[in-house]
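Heads up, the thing below is written out as structure tokens.
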Amino acid sequence: MNNWIKNKGRLVTRYVSPATVALVLAAIISGILLFVPPIHGLADNGDFYRAILSNGIYRLPSSHSQFLDYVITKFGIFKYFNENNTVVMSSQSLFVRFALLLNKLFYSRSVFDLRFMGAVYYVFFLGAVYLLAKSLTYPFRKISSYVIAVLVVVIFADSSFTLYFNSFFGESEMLIATMYAFAAIMLLVKKCYKRRWPALLLFFVSTILMITSKQQNAPLALSYTVIAIGLFFLSHVKVQKIMVAIGIAGILASGVLTYLAINSDFNNINMFQSFTHGVLVETQDPSKKIKQQGLDEEFALMRSQNYYAKQFDAVKPTGKLVQKRLLSKMNIVWITKYYLKNQRQFMNLMDLAAKDMMVTQVKAVGDYTRGAGHRAGAQTKYFVLYSSYVGAFFPGKFAFICLLVVGFITVYAVGAYVDFRQHRYQGILRFCLVLGCMTVVVFVPIISVIGDGDADLAKHLFMAPLSLDLVFILFISDILNHTLWHTKREGEQHD
Amino acid sequence: MIKKWRWSMMVLLGLLVFSIITVIKPVPVAAAETNRVLLVYDSKNTVAHGEKKIDVLQRILTSMNLSVKTVKASNYHAGELNATYTGVITMVNWRQAGLKNTQFETDRAHFTGIKLHIGDCLTGTEAKDLQGKIKVLNEQQLILKNGNDQQLLPFSDHLEVLDQLPVNAIKVGQLTSQQTDQKTYDYGVIVGKNAYLPYLKTRGLSLLVAEQTITQLFGQTQQYQPLLTFTDVSPYANLKVLDQLSEYCYKRKIPFAISTTTVADNTDLQAFAQFTAFLRRIEKRNGVIFVQAPVIGGATQSDGQRLSEMFTSYLVSFSRYQVYPVGISAPGYWNQDQVLRRNSLAKANHWLLLPNTDVTYLKQDNKSQVANQSFMAVSAASLTTIQNQSQIKFNVPTAVTVLVPSSMKKIHIVEREISGLGFQWFNFAQSKTSTEIKSGTTTVNYRQGKYYVNGSEEPITMSDQAHTKESVQPKTKVLFKSFFKTQGQIIGVFFGIVFIVLLIFILIGRRIYRNMFKR
């Protein structure tokens, strides 16, 4: 009996790789969530217009509210000249336009079905899952390899991530692009393919797409530059080093351009929310503190006020009064100076960020369509095992995150050192990857709090839990593959 | 038999003719002795700011204590103008489109109450009722005169005035041409229950003369002292400027009011104590406070309860710091919306209706209600171009509004503006009116300079300075706080030692490992 199981097992592992298992599982799990009626997705929190209007899609008139409560599946397509200017420059447009093209080819020229958006992301996502699973398990087909593949599915096909696909949020693209970039580096580490240039190209393209997908990602260009620096160790050929340098220049340029594309309106929104949801919160009475830094203390009454009021407010932040008396006096230097003076308040905010960090499911909007038999704003419980448990049990202390980051960096630094001594680039490349991801984990919460306070914190932190998850699965795979302290596999020769 | 048949046929025919006559000839609609007015307009014509003219007319009528139902002519249904209305006002904002609803015109023709037409397109029937002839003035710049007041009007390409009026016609204001042979036309014309205004402006002398015509038409002859009101006040305004302005008024014995927004949350902060300290100083300087409606963000008609709670919170938090509002101020459209009106304006018996800005309806019903007294806001700047301002008479309760400047630099301009107006300002403390705001379980009254909260008098005794003591929350004593703090430090030191020991072990282990191969 044992032999029979072993034989069958061998047969399966011969024809079905761990990456294929991950691909099939992710396809089934996400496919059911996104395409089997009643479909799931994320309702509009008011941000969709940025992605749809300039791309020729508009919200169809409805007697019901089209925000927050339910996922809207049908949108209109502009027939004539589209007078809407681009609200924000974003590479997300490429995906939206591709979905629109497919919709026009296979469905309708006047009505857009959200599932085409979901389908576009779904296909790219499956590719990312396949490459990630392959890069983490290669070249093994052991039971542990299949465990890693299943873990990849459990972590990354979690509904808290895949729900984004049936929406116009930019996070879908960020998830997929980051997975590709991470997988590309790991493919190079594991030497999965003979040719290096496709993986290199994949890394640079997906990194640039991720950075340009949202304005808030502009600072991540620095983190991904850290990762890309590892690529210099890949080859001693001068041409290849020049190519890597060009790629890094591309990443930095995309970061700078994305930052410059932030218009004054967005800057004002961010400054205002950073003040009302950051500077004014997590402290007993901020009145005197802001007065000490040159603002009228009455502005403390704006605590927790949103830039766009949910219901009513005393004044409109868009009015001349607030623009002149508050926003014109505020900038990133002012906020940084404030937090330097009030470090305890800043640490409280960082702990708040840490609490929110691993809660990746967007709680503010509903996941169901109207008529699916769920109350407004209801959240799905389908395949959210990983995000629910991590969200519940992850310690809500920023100090813990810092400790974790130091732990990961130390462990991979050892591997890098060992490989460096043995003239192997793999450990160094992997270390740079981990170091880059860890800078994302540490700096994204800091940037989010300084840039936008605790407003929309869970969404702004998106890249931090994603990066932590990627390093976490890498860590598990390295333990199971026995490659944690060095990347040299048994029987492998020196490079 | 034939004779009988003929008789019955004749009776039937007679009945038929009678019934046709009664159907064709409507019974005249008698106007009731109510305070309801129907306002029918052709179009908002936003290009020419027609919506602002509708707003200003609605506010005039509200300050005259007339409830107004506003209907767009194309939405008018036959019989809507009935005996329950005191009067009907026809407003034409877009001459080219005009007012095309024959059912309305028929009903209006048979309406026996007060009729007022504003704007072009006066029909033959209306002109006949006014017993005058329409004269069209093209391409002219006219001067409006009323008694000693006069104002140069902007250039007008088309204006319809009434000429050859009967002797008994009451004429209010005159339009004088600037040609060499100066011609004079009447602005407001009243003939019996019918009246005509060739145009309506939202500011200046034209507005005041229009008010005079309308009040005279509705038999209201009382005149009012204007209320000096500082607007654009909020906790975030330059309160030092407001403080200086209030001091300026106090020293010159000018009674005044302010219209201020406030916050419903964060009222436990020192900043709120600071804000209310400024407001208390205003109360002590013979100023009164109108609490202004908040700005509307993403609210829907289901948020009425929240709005009501906010007003309760305003009253309670203000009362804590001895700040007592005398009324509620809001843009005019708040009175045209069922949810906004019911959950804000309806709580007070004194209103201050400001011009519309950022119109956001929650449940528009276009059925304005009235208060005991409603002040119609007119900007001081719009009156400064009138010659002989001190002679200006106000025919409805009016709040002359002055924006609080954002910097000290402009304060002298505002002071000059106030002294230049030279009005005899309305003094709340000396008036016989009793104001009341009621929200939740709190009722605030103001009578002859004294404030009452839930019936008992509340003198303003708190100092002008912010009461920091009240805003500071008592520090909560956390049990074992020092224990956890010490424990945290011990753990920190422990981890530090462990880390160092581990590093030492790694180094020793590495040396042992290397030595193993060396041998």
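Order of the sequence lines fixes the chain letters, A, B, ..., with proteins taken first and strands second; residue numbering starts at 1 for each chain.
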(request) Output the option from B:Q292, B:K240, B:R510 having the highest count of non-hydrogen pairs under 4.5 Å with chain A. (result) B:R510
(message) Heavy-atom cut-off 4.5 Å, strictly under: side chain, backbone, both or neither for B:T262 against chain A?
(response) backbone
(message) If you compare all heavy atoms of B:N266 against all heavy atoms of A:R303, which two are closest, and at what distance to 0.1 Å?
(response) ND2-O, 3.1 Å
(request) Output the distance between atom OG1 (B:T261) and atom CG (A:D313), rounded to the nearest 0.5 Å. (result) 9.5 Å
(request) Report the distance from atom OG1 of B:T300 to atom CD of A:Q311, rounding to the nearest 0.5 Å. (result) 7.5 Å
(request) Compare every heavy atom of B:A271 with every heavy atom of A:A300, then report the nearest pair and how far apart it is. (result) CB-CB, 3.9 Å
(message) Is it the case that atom CZ in A:R59 sees more than 12 heavy atoms from other parts of the structure closer than 6.0 Å?
(response) yes
(message) Measuring from atom CZ of B:F272 to atom CG of A:L301, what distance do you get when rounded to the nearest 0.5 angstrom?
(response) 7.5 Å
(message) Which heavy atom of B:F275 sits nearest to which heavy atom of A:E298, and what is that distance?
(response) N-OE2, 4.1 Å
(message) With chain A as the partner, which of B:D303, B:D232, B:T260, B:V263 has the greatest number of non-hydrogen pairs under 4.5 Å?
(response) B:D303
(message) If I measure from the heavy atoms of chain B, does A:K324 come under 4.5 Å with its side chain, its backbone, both, or neither?
(response) side chain
(request) Kindly give the heavy-atom pair with the smallest separation between A:L321 and B:A237, and that separation in Å. (result) CD1-CA, 3.8 Å
(request) Examine whether an atom of B:D358 lies under 4.5 Å from a heavy atom of chain A, and if so say whether it belongs to the side chain, the backbone or both; otherwise answer neither. (result) side chain
(message) Using a 4.5 angstrom heavy-atom cutoff, name the option from A:V414, A:L280, A:V315, A:D296 with the most pairs to chain B.
(response) A:V315
(message) Just so I know, are the side chains of A:P286 and B:L269 near enough to count as touching, which here means a heavy-atom distance under 4.5 Å?
(response) yes
(request) Fit a plane to each ring of B:W334 and A:F312, take the angle between them on a 0 to 90° scale, and name the class: parallel (under 30°), tilted (30 to 60°) or perpendicular (over 60°). (result) tilted
(message) So for B:I506, is it side chain, backbone, both, or neither that comes closer than 4.5 Å to the heavy atoms of chain A?
(response) neither
(message) Measuring from atom CD of A:E297 to atom CD of B:Q274, what distance do you get when rounded to the nearest 0.5 angstrom?
(response) 4.5 Å
(message) Determine whether B:D265 and A:S304 satisfy the following criterion, side chain to side chain contact (heavy atoms under 4.5 Å, CB included), listing intermediate values before the conclusion.
(response) CA-CA 9 Å; B:D265 305 315; A:S304 300; over 6 Å; no
